[in-house]
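Written below as structure tokens is the structure these notes are about.
Treat the numbers as computed from the prediction; the structure is a model and nothing was measured.
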Amino acid sequence: MIYFDNVSKLYNDGRSAALQEVTFQVAPKEFVSIVGHSGAGKTTLLKMIIAEDKPSHGQVFFESIDVHQIPRTKLPHYRRKIGTVFQDFKLLSNKTAYENIAFAMEANGRTDDEIAENVPQALALVDLSDKAWNFPSELSGGEKQRVAIARAIVNQPDIIVADEPTGNLDPIATYEVVQILKKINDLGTTVIMTTHNKGVIDELGRRVLTMDEGRIVRDDSSGKYVL
Amino acid sequence: MITAIRRITKAGFVGFWRNAYVSLASIFVLMVVLFVIAATMFIDQLLTTSLTTLQSKVDINVYFVPEANEEDVKSILASVEALPDVALATYTSREVALEKFREKYKNNEITMQALNELEDNPLGANIAIQAKELTQYESISQFLEEKQASASPQNPIIETINYDKNKEAIDKLSSVIKTVEKASSVVTLVLILAAILITFNTIRLAIYTAREEISIMRLVGASNMFIRGPFLLQGIMYGIVAGVLALLIWYPIMIWVGPKTEEFFDGFNLFTYFVNDFSYIFAVMVGTGIFLGFISSALAIARYLRV
């Protein structure tokens with residue numbers, strides 16, 4: 001589904017590299033965690049998938065499409081196939097929880113009926129039906145992240161890309177978010193997630209890629225956090 | 001497509017309302033700018049009107065000798081009217097000239113007595129000539145001087161041409177008018193440029209605060225038009241509100257200043273102009289506001305839509 005073919009990313013000075021000769025693939029319905037120290041290249045790797053960053057060498061494929069050959073005008077269409085979740089939530093601060101989720105559907109050109117039906121379902125899935133009309137500033141960190149997840153899944157994407165989704169959360173909120181991601185994966189959506197959290201990895205017991213200095217140094221099918 | 005337009009419109013209104021402080025700041029700056037643009041418009045109008053009034057007061061007067069044959073006088077009138085530079089030539093016959101004289105000096109007994117002593121009308125006919133442009137008086141005057149010279153010295157027709165007496169005043173006035181017109185167009189241009197820059201900067205700051213939002217919208221797969229639309233609409237709304245507010249501020253000022261301009265500018269009342277030409281002034285103000293708001297938003301947002 002996702003295929004990295006010998007991808008390297010060099011910084012402007014031409015010597016230091018964020019990614020070095022990264023090759024791996026992700027199968028449909030997999031749940032892949034990427035672990036590693038800060039600066040190991042985890043976030044750069046995710047940015048390659050959503051075409052926010054370009055590789056210096058190599059190619060990234062989404063199914064059979066070379067992601068970095070997509071013309072700029074078509075990028076919004078491509079991004080709608082991917083749900084994204086970030087450490088800092090990235091919610092629209094002047095929209096309510098409901099509107100944040102609805103915005104992703106509106107941008108996707110969905111009808112009003114679909115929005116009226118799917119947004120409450122997504123909110124129910126992350127257990128936030130009662131906070132639908134609150135603004136992000138009125139929500140806790142865990143609630144914000146659940147809104148972000150609801151927004152990521154509402155368009156039924158093929159894949160969820162989550163960059164440190166539990167990085168800013170307390171242990172209980174972390175547990176809830178991981179459970180939701182697991183549930184989404186069980187429903188058939190591929191999930192790629194980066195994390196620092198050893199507890200999360202051990203709890204999941206799924207495939208783990210370990211990165212160090214821009215390289216993938218381990219690939220365990222049912223991994224533990226080894227660093 | 002219609003759904004998208006409806007959603008963009010709604011998002012524009014909601015954004016306008018929820019970012020009230022940012023909207024207010026932009027509207028305020030835009031309002032000041034439009035106020036200044038209106039001021040230059042009104043000053044220009046005052047200037048133009050007073051110049052026309054002044055220009056219409058400049059003329060050449062040709063006085064004919066009382067003995068002049070009326071046919072000769074009429075033929076000169078006809079030839080003057082045929083000149084392309086002449087806007088208006090007003091003929092005053094001997095009889096009318098006498099009536100005007102009597103009217104003017106009706107309270108001056110000595111003059112009236114002296115006039116009554118005379119058997120014949122002592123006044124000659126005259127023609128008052130207005131040129132289309134101030135610069136054309138020179139050639140009209142030359143034309144008349146030639147006429148004067150060509151007549152036989154025994155039977156002169158033209159007594160005096162008073163252009164020479166006015167020449168200096170006319171020349172001075174035309175140079176003053178030209179300088180004022182140049183200066184005011186330069187000032188207007190500078191003001192409008194400053195206005196555009198200030199508006200652009202304010203709206204750019206307003207959108208700068210939304211750059212995070214814009215990047216999020218891109219990440220969830222919103223197309224550029226879907227992101228840009230609400231901001232452009234907000235820019236247009238700033239323009240409309242600011243234009244209407246600026247007009248509302250001008251209204252009482254006009255009521256106050258109108259009678260004063262009427263006194264000073266010989267009957268030109270700025271308030272009457274404001275009321276009579278309101279639709280034009282409204283269109284210019286709101287139109288300029290919309291233009292500035294739209295262009296500023298479009299330029300500002302273009303920065304954050306790259307990548």
By a 4.5 Å heavy-atom criterion (distance strictly below it), what part of [X] contacts chain B: side chain, backbone, both, or neither?
X: A/F86; answer: side chain
X: A/D112; answer: both
X: A/I82; answer: neither
X: A/N94; answer: both
X: A/L92; answer: both

Between atom [atom1] of [X] and atom [atom2] of [Y], what is the distance when rounded to the nearest 0.5 Å?
X: A/T84; Y: A/I50; atom1: OG1; atom2: CD1; value: 5.5 Å
X: B/I216; Y: A/D88; atom1: CD1; atom2: CG; value: 8.0 Å
X: B/F42; Y: B/I37; atom1: CZ; atom2: CD1; value: 12.0 Å
X: A/H68; Y: A/F61; atom1: NE2; atom2: CZ; value: 11.0 Å

*Given the rule in the side chain to side chain contact (heavy atoms under 4.5 Å, CB included) test, do A/F135 and A/L91 qualify, once you have shown the distances and angles that lead to the verdict?*
CA-CA 9 Å; A/F135 286 95; A/L91 296 176; over 6 Å; no
*Begin with the C-alpha distance, continue with both residues' side-chain angles, and end with the deciding distance and a verdict on side chain to side chain donor-acceptor pair (under 3.5 Å) for A/Q87 and A/D163.*
CA-CA 6 Å; A/Q87 182 174 4; A/D163 190 14; over 6 Å; no
*Mind checking side chain to side chain donor-acceptor pair (under 3.5 Å) for A/T111 and listing every partner two or more places apart, or none if nothing turns up?*
A/E114
_side chain to side chain contact (heavy atoms under 4.5 Å, CB included) for A/V32 and A/F24? Distances and angles first, verdict last._
CA-CA 11 Å; A/V32 181; A/F24 70 97; 5.7 Å; no
*Per-residue contacts, residues 219-254 of chain B versus chain A, heavy atoms under 4.5 Å*: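 B/L219, B/V220, B/G221, B/A222, B/S223, B/F226, listed by number.
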*asked:* For residues 5-14 of chain B, give me every residue with a non-hydrogen atom less than 4.5 Å from any non-hydrogen atom of chain A.
replied: B/R6, B/R7
*Who passes salt bridge (Lys or Arg N to Asp or Glu O under 4.0 Å) against B/R18, sequence neighbours left out?*
A/E99
*A/H196 vs A/E164, side chain to side chain donor-acceptor pair (under 3.5 Å): CA-CA, chis, key distance, verdict*: CA-CA 7 Å; A/H196 271 122; A/E164 304 269 4; 3.1 Å; yes
*Do the rings of B/F278 and B/F274 sit parallel, tilted or perpendicular, given the 30° and 60° boundaries?*
perpendicular
*Do you know which of A/G83, A/S93, A/A104 has the most heavy-atom pairs with chain B at a distance under 4.5 angstrom?*
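Looking at each of A/G83, A/S93, A/A104 in turn, A/S93 comes out on top.
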*Are the charged groups of B/E212 and A/K90 less than 4.0 angstrom apart, N to O?*
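A salt bridge links B/E212 with A/K90.
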